[in-house]
Amino acid sequence: MGLYKPPKAAGMDYYLRLENDLNDIVTWATSQKQFVIITEDLNLNRLKPDEREGKIQRDLEDIHELSCLINKPTRITNISRTLIDVILANQIIKPEMFKESDVYDPGFSDHRMVYEVTRENAIHYPCKVISFRSVKNLNEDELLKDLSVAPWHVGNIFDSVDDRYFYWSKLVNDALGNHALQKKLRVWSRDVEYMTPEWKTAIRMKRKYTKKFAKDPSQENLINKNKWRNTATKLRRRAIKEYWKTKTDSSGSNPRDFFKKVFKPFLDSKARGTDDNVINPDFNDSIILKSLN
């Protein structure tokens, strides 16, 4: 998906509207496809995260779990160096899927060209479909009434235990089908290692109210959408922090085990050839974190 924004701001609350529009577009894209790669020229300098434009870009990546494949300036003049042309990929796409990503100066534009090369043997994690019964509108009294009047005695005419089981299970399923409808849900075949039940619940609520807001852009739906979006972001950060803290604590005083569990994943030779795999020690919390560019 390609996104472009003119360099000049226009109108009242321009940056607020821009942030909301970007979040809506990326939310829609990630809900439609498993793999999402976004090329941007939004004229938002990513090298200055403390300024308003850079913060919008960084927050967009953080909220939607996007990784930036470009970490070098793409527009260089005599007085400035800015990173405004980026390639983003959602985090289900592992770094090993990219052979290379970099910046190239063709010499005929003030913007440098960004590119990435995908490996041919990229690992694909397919989705799976699970079936379940919805008990949202279940009336237990009506269900028990239908089960009580079901012709259970008819099963006694079968000599085979398997035939009796098949008949009785069909009676139960028919009764459930009238009160607890069967639904299907598409989920990922595997989660990231630091996924938690609370974070997964927040993600589902975020998607629920995002869809509601798309159909009915009321103030209540907007508040709920932003609330669960921020909750999911907070829980994601907490899950990553606790995951790496557990990794480091379990290593104890064994340097070899510590290197294998904490440092080696960042130094894998199959990782993409960029310089953003920096490990920063956080001595206050006694954990090691990977800085995400």
**Message:** I'd like to check K241 versus R237 (side-chain heavy atoms, cut-off strictly below 4.5 Å). Are they in contact?
**Reply:** no

**Asked** Do H64 and N90 have side chains that get closer than 4.5 Å, going by heavy atoms?
**Response** no

Which atom of [X] lies closest to which atom of [Y], heavy atoms considered:
X	Y	answer
L60	L66	O-CD1, 4.1 Å
T30	V36	CA-CG2, 3.9 Å
I63	K206	O-NZ, 4.0 Å
P151	L171	O-CD1, 3.8 Å
A175	L143	O-CD1, 3.8 Å
P6	N43	C-ND2, 3.8 Å

**Item:** Side-chain donor/acceptor of N221 to backbone N/O of P217, under 3.5 Å
**Value:** no

**Asked** Just by distance, do the side chain of N23 and the backbone of E19 share a donor-acceptor pair under 3.5 Å?
**Response** yes

Going by the rule side-chain hydrogen bond (donor to acceptor under 3.5 Å, both in side chains), which residues pair with [X] if we only count those two or more places apart in sequence or in a different chain?
X	value
R133	none
Y243	E193
N20	none
E116	T118

Joint hydrophobic cluster, [X] plus [Y], side-chain heavy atoms closer than 4.5 Å:
X	Y	value
V103	L83	yes
W228	V26	no
I25	I56	yes
L138	L147	yes
V161	W168	no

Separation between [atom1] of [X] and [atom2] of [Y], rounded to the nearest 0.5 Å:
X	Y	atom1	atom2	value
I84	L44	CD1	CG	9.0 Å
I70	E40	CD1	CD	11.5 Å
E220	Y209	CD	OH	7.5 Å
I240	R238	CD1	CZ	12.5 Å
L22	Y15	CG	OH	12.0 Å
S218	N224	OG	CG	8.5 Å

**Item:** Test applied, salt bridge (charged side-chain N to carboxylate O under 4.0 Å, His left out); reference residue, D62; option that passes from R236, R229, K55
**Value:** R236

**Request:** Check the pair D174, K170 against salt bridge (charged side-chain N to carboxylate O under 4.0 Å, His left out), reporting the backbone distance first and the verdict last.
**Result:** CA-CA 6 Å; D174 288 344; K170 188 176 187 306; 3.1 Å; yes

Check side-chain contact (heavy atoms from CB on, under 4.5 Å) between [X] and all other residues, then give those that pass, not counting sequence neighbours.
X	result
D85	D41, T74, H111, V114
Y14	K5, A9, R17, L18
N139	D141, E142
T39	I87

**Request:** I would like to know whether S31 and R207 meet side-chain contact (heavy atoms from CB on, under 4.5 Å); could you show each step before the answer?
**Result:** CA-CA 8 Å; S31 66; R207 292 174 179 173; 5.9 Å; no

**Request:** Using the six-membered ring wherever Trp is involved, compare the ring planes of F158 and Y167 and label them parallel, tilted or perpendicular (cut-offs 30° and 60°).
**Result:** tilted

Which ILVMFWY residues are connected to [X], directly or by a chain of links, through side-chain heavy atoms under 4.5 Å apart?
X	result
Y104	M113, Y115, V117
L181	none
F213	L222
I76	none

**Request:** Assess whether salt bridge (charged side-chain N to carboxylate O under 4.0 Å, His left out) is satisfied between D24 and K225, documenting all intermediate values.
**Result:** CA-CA 10 Å; D24 291 341; K225 184 191 75 166; 2.9 Å; yes

**Prompt:** Do Q57 and E53 get their side chains close enough for a donor-acceptor pair, meaning under 3.5 Å?
**Reply:** no

